[in-house]
Amino acid sequence: EQEKELKEYRQQSGGGEDEQLPFHTFEIKGYPVWIGKNAKSNDKLVQQAHKEDVWMHARKVAGSHLVIRMGNDKGMPPKDVLLEAASYAAYNSKARGTKLAPVIITKKKYVRKPKGSPPGAVLVDKEEVEMVTPKNPEL
């Protein structure tokens, strides 16, 4: 089922993607970005992300998962792309009203979903934290 969804997604080019996907999609400087809409949506996003994708989440607060799609690229996007994405992750969380919010940045391969955990809950094995000002991505 999942692979079918992903295949359909890849076949589509632009426009109307939000209806097909359980999360928002947009780009930052050419990097495709996915952002969760709710806990169930966050789960789907984590399931469908590639292990080399960059995963983000506001630290210690409820919020959307965000993924920068990297395909097989083992590297990281430029710092400005990371910080912009992190500011969107902060905005789409309970940290929205703060001046600065800590956001976890890591590769998807370090993010695990424990069996039986509630929707949206994950464990992160290796994380870096950036302090960013929450910013509305205006999706």
Side-chain angles (χ1 to χ4, degrees):
E1 159 108 297
Q2 219 176 358
E3 280 166 0
K4 192 176 135 236
E5 275 179 39
L6 215 55
K7 206 180 202 165
E8 283 171 12
Y9 165 65
R10 289 203 177 106
Q11 284 167 353
Q12 292 174 343
S13 53
E17 284 173 2
D18 271 6
E19 281 76 69
Q20 301 299 317
L21 291 167
F23 34 80
H24 298 293
T25 60
F26 59 100
E27 279 193 0
I28 300 173
K29 297 191 173 145
Y31 286 88
V33 175
W34 293 352
I35 192 159
K37 296 177 181 175
N38 53 44
K40 272 203 179 80
S41 164
N42 283 337
D43 278 355
K44 277 209 163 51
L45 187 142
V46 169
Q47 284 165 2
Q48 292 186 14
H50 185 278
K51 67 180 190 337
E52 293 300 338
D53 288 351
V54 178
W55 179 89
M56 297 187 187
H57 193 284
R59 196 154 192 265
K60 305 256 191 249
V61 293
S64 293
H65 294 225
L66 181 145
V67 167
I68 301 174
R69 304 283 291 155
M70 299 298 289
N72 280 320
D73 186 341
K74 289 180 168 47
M76 291 293 259
K79 187 85 168 179
D80 61 334
V81 173
L82 285 173
L83 292 177
E84 188 170 334
S87 72
Y88 298 159
Y91 184 84
N92 284 282
S93 78
K94 297 270 192 255
R96 178 179 296 184
T98 61
K99 284 254 184 297
L100 275 179
V103 174
I104 298 166
I105 300 176
T106 192
K107 286 284 192 166
K108 156 63 179 67
K109 61 186 167 193
Y110 301 120
V111 178
R112 297 181 285 131
K113 174 124 190 88
K115 264 204 175 351
S117 62
V122 293
L123 289 175
V124 180
D125 292 325
K126 189 175 154 189
E127 66 180 49
E128 282 181 37
V129 175
E130 287 286 349
M131 295 299 290
V132 295
T133 303
K135 213 164 74 181
N136 185 351
E138 282 147 20
L139 297 174

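One is the number of the first residue; the rest follow in order along the sequence.
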Would the distance check show the side chain of [X] and the main-chain N or O of [Y] forming a donor-acceptor pair, the cut-off being under 3.5 Å?
{"X": "Ser64", "Y": "Gly36", "answer": "yes"}
{"X": "Lys113", "Y": "Pro118", "answer": "yes"}
{"X": "Thr106", "Y": "Lys126", "answer": "yes"}
{"X": "His65", "Y": "Gly120", "answer": "yes"}
{"X": "Thr133", "Y": "Leu100", "answer": "no"}
{"X": "Asp53", "Y": "Met70", "answer": "yes"}
{"X": "Asn42", "Y": "Gly63", "answer": "yes"}

**OP:** Decide yes or no for Met56 and Leu82: does some side-chain heavy atom of the first lie under 4.5 Å from some side-chain heavy atom of the second?
**Re:** yes
Subject >> Heavy-atom side-chain proximity of Leu45 to Pro22 below 4.5 angstrom >> reply: no
Subject >> Residue that, paired with Arg69, satisfies side-chain contact (heavy atoms from CB on, under 4.5 Å) out of His50, Gln48, Lys108 >> reply: His50
**OP:** Let me see the working for Tyr31 and Glu27 under side-chain hydrogen bond (donor to acceptor under 3.5 Å, both in side chains), right down to the final yes or no.
**Re:** CA-CA 5 Å; Tyr31 286 88; Glu27 279 193 0; over 6 Å; no
**OP:** Would you name the heavy atoms of Ala90 and Val132 that are closest together and state the gap between them?
**Re:** CB-CG2, 4.0 Å
Original post:
For Ala121 and Asp43, which heavy atoms make the closest approach, and how far apart are they?
Top reply: N-OD1, 4.3 Å
Original post:
Same cluster or not: are Val122 and Ile104 linked, directly or through other Ile, Leu, Val, Met, Phe, Trp or Tyr residues, by side-chain heavy atoms under 4.5 angstrom apart?
Top reply: yes
**OP:** Output yes when Glu127 and Lys107 qualify as a salt bridge under the 4.0 Å nitrogen-oxygen rule, no when they do not.
**Re:** no
